[in-house]
Amino acid sequence: MSGSGGAGPGGGKLDINRAGVSELQGALSGVGRRRARGIVRKREELKGFNSLDDLLHVKGITTRILELNSQRMTCRRRPSSEDAPSGSPSQPGHNAQGPQVLAVEENGARAAWESEESDCSGVEGGSGPESEGSRVQGGQEPVELASLAGHGGLEPTSSTVCGVQEEEEEEEGSCCSDEGEDGSDVYFYYTIGERWIDYLERTEEGSLIRHVRPKMKRKSENGLDSRTLSPGKKLCKGSESSRMLGPCIPSPTTTFGDLRNTKSGPGRRHRIPSIAPPPELQDWLRTFQRWSGPEKLLALDELIDRCEPSQIKYMMQVIEPQFQRDFISLLPKELALYVLSFLEPRDLLRAAQTCRYWRVLAEDNLLWREKCREEGIEEPLNLRKRRLLSPGFMYSPWKFAFMRQHKIDMNWRSGDLRAPKVLKGHDDHVITCLQFCGSRVVSGSDDNTLKVWSAVTGECVQTLVGHTGGVWSSQMRDNIVISGSTDRTLKVWNADTGECVHTLYGHTSTVRCMHLHGSRVVSGSRDATLRLWDIETGQCLHVLMGHVAAVRCVQYDGHKVVSGAYDYTVKVWDPESETCVHTLQGHTNRVYSLQFDGTHIVSGSLDTSIRVWDMESGNCLHTLMGHQSLTSGMELRDNILVSGNADSTVKIWDIKTGQCLQTLQGPSKHQSAVTCLQFSSKFVVTSSDDGTVKLWDLKTGEFVRNLVALESGGSGGVVWRIRASNTKLVCAVGSRNGTEETKLLVLDFDVDLK
């Protein structure tokens, strides 16, 4: 559509080109197909044209288009004198043989709740008085009106009855009159079957002029027009033709009863049962109807003051449902998803059960991807492995990944503990180191060997034999295993074949610790030195000397090496230049544990303190006090540090503030020294000399349950090491007095994906 130039009082022009008409036809073709035998579906929704952009160029009506776009417009033919019951008085000015009467009803208040009913009812026709009134006299197709009222138009809650003299013949040309400057009202309307469009203009005198557009060519049976026009092409103007109509007769405004009956249907309106209406009821209602709006409000106020609480409650039960809004369905999808993004995942799952549209929104893949990222889930679930998907519905792979992880977490927290796989192979020796990657478990022992296990089958795949002393440290990446021994060597193994690829000579005492990064490993020894090795070539690249006592722990991030030793110091090294960048002094006893994230260094000592250092400056940022003994193990993620101590407690710290967030203790705490720990975004898993493995809530510090409790616990049974993945837990158990057999226990918390 495009607006023509010129707009004097009552003299403007409005052009509707044939392309705009064709677009309007397409928007309505679906509605026309749902008509059956000339019956308009009750409360058929008319939101406007297919695209508001088609109307934005029409001069003077853009504002009203935007105002009325969300309002519902329905149309029904008012009963003529021929349809009215005999003896009923005709309305003033209504000709018994006269024109067909059309009613325009606007009601924005029922927009929200009519939307869902019109979409979901599935009723092709209608029943009751309004449906009968939807039939057009003479078997013609029904007429629906869409009001695009101008600046001087009716209020959204008003209705107008206009007598329209049906034309015997439609003329080829039409007169187009613009609205806006002269304060007139323009009403567009159309018929489904005849495919013509015209509009009415109300003049200052109150009369209506009907402007007829050229009749559209009928669409073919398959609903496609046999001709197409470009959107910008205009129809030629023919001879102007207009007709003066009778003055508009205002109809009664839409009442709450109309809304209630329209929504619920004639048979659904609830009445007070078994009570005959009082004889004065109709007179009372007619008196109320004659009053003005302010008078009605005053009467209602007085009426409410005289009602009992039960009567007020009844009013609320009747009125409240009529004005409820499904605001999510009314919003554009992008805004609706933005609103839903603030919900917790459990609330999203509840929202998906509300209705079909909410389920579509709650299944949005990007929405669930963000929820997965918040939980640290990095990969969506492959839906091809699932056989329970409904055809025709888009399921979110990220949602399934989230749901799977939630089920795994619940298995950790409260699921039935399945019988663990028991891996035996080191006889009665101590398991000194443990690695777990993928489905491969590698255990090192003081029996001079390492064993490679399948975490799935529990089978010992390889036994790595070659060291002449006990194995005290190990690292693993993919199928490469590196081990350090009391025989002063490191060995590089192929875990698939069991072959020793390299033997690394250089240290002069026990290799007590090591850390692997990429293809390079740093080893620390009781000879007070550290060595950097290339595991692919077996070469010693650099030797770092400076400690004056045994090196007990080491960390390497590919750029800097950090080591802790029995000389009470922590050193930061540049391995390429073999220089010591910082010597961190402050501990008053041996350093037993280290964590390094590239920025912060955290060291645990026998002096009961934990110190947080800045790697660049070497300054001590915080001294974490609270433990009573040796900090035997720590783990750092982001700014959260979890420390295990020989005093049988575990503490959770924020290294940025130095604050202790939680102390894992209480009636269910460990009864002996904590030997090992690991934590995830939700849980902390700890092992102890008391023979138990405990699960704790990371955020609250609450004890969840025992995952392992040896029968020999308290009498010699020990859990030496633990390693956990997302779905499995591997525990190295045994005893120092023969009360518990040395073995590995593998617990599985995975979910069954059928």
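Small disclaimer: the values here were computed from a predicted structure and weren't measured.
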Completion exercise
Taking every heavy atom of Gly506 against every heavy atom of Trp533, the minimum-distance pair comes out as N-CH2, 4.1 Å
Handout entry: Residues Leu710, Val733; criterion side-chain contact (heavy atoms from CB on, under 4.5 Å); working and verdict
Key = CA-CA 9 Å; Leu710 300 178; Val733 305; 4.1 Å; yes
Problem - Flag, side chain of Asp574 to backbone of Thr579, donor-acceptor distance under 3.5 Å - result: no
Exercise for the section: For His502, look at atom NE2 and say whether over 12 heavy atoms of other residues, nucleotides or ligands are found less than 6.0 Å away. Expected result: yes
Practice task
Using a cut-off of 6.0 Å, state whether more than 12 heavy atoms not belonging to Asp638 lie near its atom CG.
Solution key: no
Completion exercise
CG of Leu636 to CD1 of Ile601, rounded to nearest 0.5 Å, is 11.5 Å
Problem - salt bridge (charged side-chain N to carboxylate O under 4.0 Å, His left out) involving Arg520 - partner list, sequence neighbours excluded - result: Glu576
Problem - Side-chain donor or acceptor of Gln435 paired with backbone N/O of Ser474 under 3.5 Å - result: yes
Practice task
For the pair Arg723 (side chain) and Leu434 (backbone), establish whether a donor and an acceptor sit closer than 3.5 Å, ignoring hydrogens and angles.
Solution key: yes
Handout entry: Partner set under side-chain contact (heavy atoms from CB on, under 4.5 Å) for Arg369, not counting sequence neighbours
Key = Leu366, Arg373, Trp398
Handout entry: Verdict with reasoning, Thr623 to Arg611, per side chain to side chain donor-acceptor pair (under 3.5 Å)
Key = CA-CA 5 Å; Thr623 300; Arg611 290 181 177 264; 3.3 Å; yes
Problem - Results of ring pair (Phe, Tyr, Trp, His ring centres under 6.0 Å) for Tyr505 - residues two or more places apart only - result: none
Practice task
Without swapping roles, check the side chain of Arg531 against the backbone of His542 for a donor-acceptor pair under 3.5 Å.
Solution key: no
Handout entry: Under 3.5 Å: donor-acceptor pair, side chain of Thr486, backbone of Gly470
Key = yes
Completion exercise
Value for OG1 (Thr675) from CG (Asp689), rounded to nearest 0.5 Å, stands at 6.0 Å
Exercise for the section: Can you measure from OG (Ser629) to CG (Leu606) and round to the nearest 0.5 angstrom? Expected result: 6.5 Å
Practice task
Would you verify whether the NZ or CZ of Arg552 falls within 45 degrees of the ring axis of Tyr592 while also being under 6.0 Å from that six-membered ring's centre?
Solution key: no
Handout entry: CD1 on Ile482 to CG on Leu516, rounded to 0.5 Å
Key = 4.5 Å
Practice task
Using atom types as modelled and distance alone, determine if a side-chain donor or acceptor of Asn706 lies under 3.5 Å from a backbone N or O of Ala709.
Solution key: no
Handout entry: Which residues share a ring pair (Phe, Tyr, Trp, His ring centres under 6.0 Å) with Trp696, sequence neighbours left out
Key = Phe703
Exercise for the section: Give, for atom OG1 of Thr657 and atom CG of Asn639, the distance between the pair rounded to the nearest 0.5 Å. Expected result: 8.0 Å
Practice task
Please determine, by modelled atom types, if Ser523 and His507 share a side-chain donor-acceptor pair under 3.5 angstrom.
Solution key: yes
Handout entry: Test salt bridge (charged side-chain N to carboxylate O under 4.0 Å, His left out) applied to Asp567 - qualifying residues, sequence neighbours left out
Key = none
Problem - Thr463: partners by side-chain contact (heavy atoms from CB on, under 4.5 Å), with sequence neighbours left out - result: Thr449, Lys451, Cys460, Val465
Practice task
Using a 4.5 Å cut-off on heavy atoms from C-beta on, say whether the side chain of Ser445 contacts that of Val430.
Solution key: no
Problem - Exercise: do Thr510 and Trp472 side chains pair donor with acceptor under 3.5 Å - result: no
Handout entry: Ser687 side chain vs Val674 backbone, donor-acceptor pair below 3.5 Å
Key = no
Exercise for the section: Verify whether one side chain among Ser735 and Glu740 offers a donor that lies under 3.5 Å from an acceptor in the other. Expected result: no
Completion exercise
What one should report as the nearest heavy-atom pair of Val551 and Gly524 is CG1-CA, 4.0 Å
Handout entry: Reported CZ-to-CD1 distance for the pair Arg413 and Ile408, which is rounded to 0.5 angstrom
Key = 14.5 Å
Exercise for the section: Inspect the contact between Glu344 and Lys371 and indicate whether a charged nitrogen and a carboxylate oxygen are less than 4.0 angstrom apart. Expected result: no
Problem - Exercise: do Lys571 and Thr583 side chains pair donor with acceptor under 3.5 Å - result: yes
Exercise for the section: Just say parallel, tilted or perpendicular for the rings of His517 and Tyr556, cut-offs at 30° and 60°. Expected result: perpendicular
Handout entry: Where at least one partner belongs to residues 599-649, residue pairs that pass ring-ring contact (aromatic ring centres under 6.0 Å, His included), sequence neighbours excluded
Key = none
Problem - Sequence-distant partners of Phe679, ring pair (Phe, Tyr, Trp, His ring centres under 6.0 Å), two or more places apart - result: none
Problem - Modelled atom types, side-chain donor and acceptor of Asp597 and Thr599, under 3.5 Å - result: no
Problem - Under 3.5 Å donor-acceptor, Ser725 side chain and Lys728 backbone - result: yes
Exercise for the section: Kindly give the heavy-atom pair with the smallest separation between Gly598 and Asp557, and that separation in Å. Expected result: CA-OD2, 3.9 Å
Exercise for the section: Specify the closest pair of heavy atoms between Ser443 and Ile431, including all atoms of both residues, with the distance to one decimal. Expected result: CB-CG2, 4.2 Å
Problem - Donor-acceptor contact present, side-chain Ser688 to main-chain Ser672, <3.5 Å - result: yes
Practice task
Please check if any side-chain donor atom of Thr686 sits under 3.5 Å from a side-chain acceptor atom of Lys694, or the reverse.
Solution key: no
Practice task
Using the test side-chain contact (heavy atoms from CB on, under 4.5 Å), find all partners of Asn619 that sit at least two apart in sequence or belong to another chain.
Solution key: Ser617
Practice task
Walk me through it: do Leu729 and Val685 pass the test side-chain contact (heavy atoms from CB on, under 4.5 Å)?
Solution key: CA-CA 9 Å; Leu729 172 67; Val685 185; 4.1 Å; yes
Handout entry: Whether over 12 other heavy atoms sit under 6.0 Å from Arg477 CZ
Key = yes
Practice task
Before giving the answer on side-chain contact (heavy atoms from CB on, under 4.5 Å), spell out for Leu367 and Asn365 the whole-Å C-alpha distance, their side-chain angles and the decisive distance to 0.1 Å.
Solution key: CA-CA 5 Å; Leu367 182 64; Asn365 202 40; over 6 Å; no
Completion exercise
For Asp428, the salt bridge (charged side-chain N to carboxylate O under 4.0 Å, His left out) test, sequence neighbours excluded, returns none
Handout entry: Between Asp607 and His587: side-chain donor-acceptor atoms closer than 3.5 Å
Key = yes
Problem - By salt bridge (charged side-chain N to carboxylate O under 4.0 Å, His left out) - contacts of Glu459 (at least two apart) - result: none
Problem - Any donor-acceptor pair under 3.5 Å from Asp478 side chain to Ile480 backbone - result: no
Exercise for the section: Classify the side-chain pair Asn726/Gln405 by whether it contains a donor and acceptor separated by less than 3.5 Å. Expected result: yes
Practice task
Could you note down all residue pairs passing salt bridge (Lys or Arg N to Asp or Glu O under 4.0 Å) where residues 652-679 supplies at least one of them, sequence neighbours left out?
Solution key: none
Handout entry: Donor-acceptor pair between Thr432 and Asp446 side chains, under 3.5 angstrom
Key = no
Handout entry: Considering all heavy atoms, the nearest Thr742-Asp427 contact
Key = CB-O, 3.0 Å
Handout entry: Minimum heavy-atom distance between Lys560 and Trp573, given as atom pair plus value
Key = CD-O, 3.2 Å
